[in-house]
There are 4 protein chains.
Amino acid sequence: MFNRIILIGRLTRDPELRYTQNGTTVATMTVAVNRPYTTKEGEKEADFIDVIAWNKLAEIVNEYGQKGRLALVEGRLQIRSYTDKEEKKRKVAEVVANNVRFLDKPKQAESGEEIDWSDFGTEIEVDEEDIPF
Amino acid sequence: MFNRIILIGRLTRDPELRYTQNGTTVATMTVAVNRPYTTKEGEKEADFIDVIAWNKLAEIVNEYGQKGRLALVEGRLQIRSYTDKEEKKRKVAEVVANNVRFLDKPKQAESGEEIDWSDFGTEIEVDEEDIPF
Amino acid sequence: MFNRIILIGRLTRDPELRYTQNGTTVATMTVAVNRPYTTKEGEKEADFIDVIAWNKLAEIVNEYGQKGRLALVEGRLQIRSYTDKEEKKRKVAEVVANNVRFLDKPKQAESGEEIDWSDFGTEIEVDEEDIPF
Amino acid sequence: MFNRIILIGRLTRDPELRYTQNGTTVATMTVAVNRPYTTKEGEKEADFIDVIAWNKLAEIVNEYGQKGRLALVEGRLQIRSYTDKEEKKRKVAEVVANNVRFLDKPKQAESGEEIDWSDFGTEIEVDEEDIPF
DNA sequence: TTTT
DNA sequence: TTTT
């Protein structure tokens, strides 16, 4: 009845853009979120959380999100079930984003390339109806 | 850096209570959260989300949570990695609760048993330091 | 850059429906949210939070929300400034809802009237673009 | 029964530190949160939201928070009522923080002063029991 | 009294 | 496969 998750973390890699068979745009990325404690050995741990974005949000994520950028992700936690090749039931957890914001300044583009600063703090939010799955 | 999830859904089964080797109490349960849409075939779908609670919160969850009850769960999404028997890397997603509240009235106890109404709307919240993992 | 509030509480009165000059529907209501503690005198306290909903959400809130119902409200906190009749600057805080859900069963309608159960757990969510102010 | 707010915005001024009569530390600050739209005249608007932090959190906020810094604030919305000098009932809205994080790097200290970078991304979270009001 |  |  209610499912809301809010994450702030860094992209572990550049987002990947793909298209479904009927042409819907989808972007996937992984966000590393440091845990709120250190282990007894004094080490930091992180959760690596898969995020999926659809349509216009996918395109914006793909354009502005790069490995290392600090992102705020808002969405819902989705658990997908499937059967693997060995006929075993598996589950996949991912956050279906409806809002992504980049909180740091983009990295200086390589070799003098122009930077588009307009994304800093840009609001990218989608209606639930724009999320196909 | 920030990891917050808020769920409202129903317990798919009674919580399970266990103890770690050093005696820490831990409760696990699964919450079914209906998705915010119906499929093209008009079917409702749900995400079945594993929840883990520690210490005092585990005990309260175990006492007041029963299959079918409507629960609000607040916590963080944790992704644990492990290697299975076939030496394959697997991931488990679960919500580490720091706050659980039951939003409906408890089911009438069987056979005239006394009901403890005190849990209805009770605030059960734990400090991050009370969560061992 | 980010402003999200989630409340669960009870309506202190039936919602009020009005229309702006250009015909936009707007509903206002107050939600009582018990505080997470009792005072030293053992008394419960509550925050009485004004909520405003626009357009289609306003109509649904008006139809299904009645005094005493348990509601989940999601939105953003808005602080409006104005000058009162004595030329003093005043501030008003209100939650602009983009999602309202009723978590309890509706009260039995008076005098044998039919009940519409369809609202129980219904998802009512609006796009940011449907919120005029 | 549930009251959670999450804000990201910039401090409009340095936090103010005070002490209650019984010696409890309290910090107040205002966070400017830009609204998710521009007006028809193309202007950006912001909500100026008062935030209050207690005890250890107050001290940390006071130490690391300066005018202009980007902060994430998590807490609950509190509406306090009081009667003013003209015997009129007034209401004050403020966020009681239980978690504050600074998301940008601190400003370079003036005149070669040493910078303490340790706060960047530091987790500052308090137990509900540490919040006196 | 308002931040970038 | 993991980010700062």
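All heavy atoms count here, side chains included; hydrogens, waters and symmetry mates do not. Below, read A as the first sequence line, B as the second, and so on, with proteins coming before strands; counting in each chain starts at 1.
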Rounded to whole angstrom units, what separation is found between the [atom1] atom of [X] and the [atom2] atom of [N]?
| X | N | atom1 | atom2 | value |
| --- | --- | --- | --- | --- |
| R13(A) | dT1(F) | CZ | C1' | 8 Å |
| F48(A) | dT2(F) | CZ | P | 7 Å |
| K67(D) | dT3(E) | NZ | P | 5 Å |
| K44(D) | dT4(E) | NZ | P | 10 Å |
| Q66(D) | dT3(E) | CD | P | 16 Å |
| R90(C) | dT1(E) | CZ | P | 12 Å |
| E16(A) | dT2(F) | CD | C1' | 13 Å |
| L103(D) | dT4(E) | CG | C1' | 13 Å |

Taking the side chain of T30(D) as its heavy atoms from C-beta onward, which of dT2(E), dT3(E), dT2(F) lies nearest to it? dT2(E)
Between dT3(E), dT4(F), dT2(F), which nucleotide has the shortest distance from any of its atoms to the side chain of N34(A)? dT4(F)
For R18(D), enumerate each residue passing the side chain to side chain contact (heavy atoms under 4.5 Å, CB included) test, keeping only those at least two apart in sequence or located in another chain. V26(D), T28(D)
By side chain to side chain contact (heavy atoms under 4.5 Å, CB included) - contacts of T12(A) (at least two apart): T30(A), A32(A), F48(A)
So that I can tick it off, tell me whether K91(A) and D50(B) are bridged by a salt bridge, with the cut-off set at under 4.0 angstrom between side-chain N and carboxylate O. yes
Look at K88(A) together with D84(B) and state whether they make a salt bridge at an N to O cut-off of under 4.0 Å. no
Please state whether the phosphate of dT1(E), meaning OP1 or OP2, lies under 4.0 angstrom from any side-chain nitrogen or oxygen of K89(C). yes
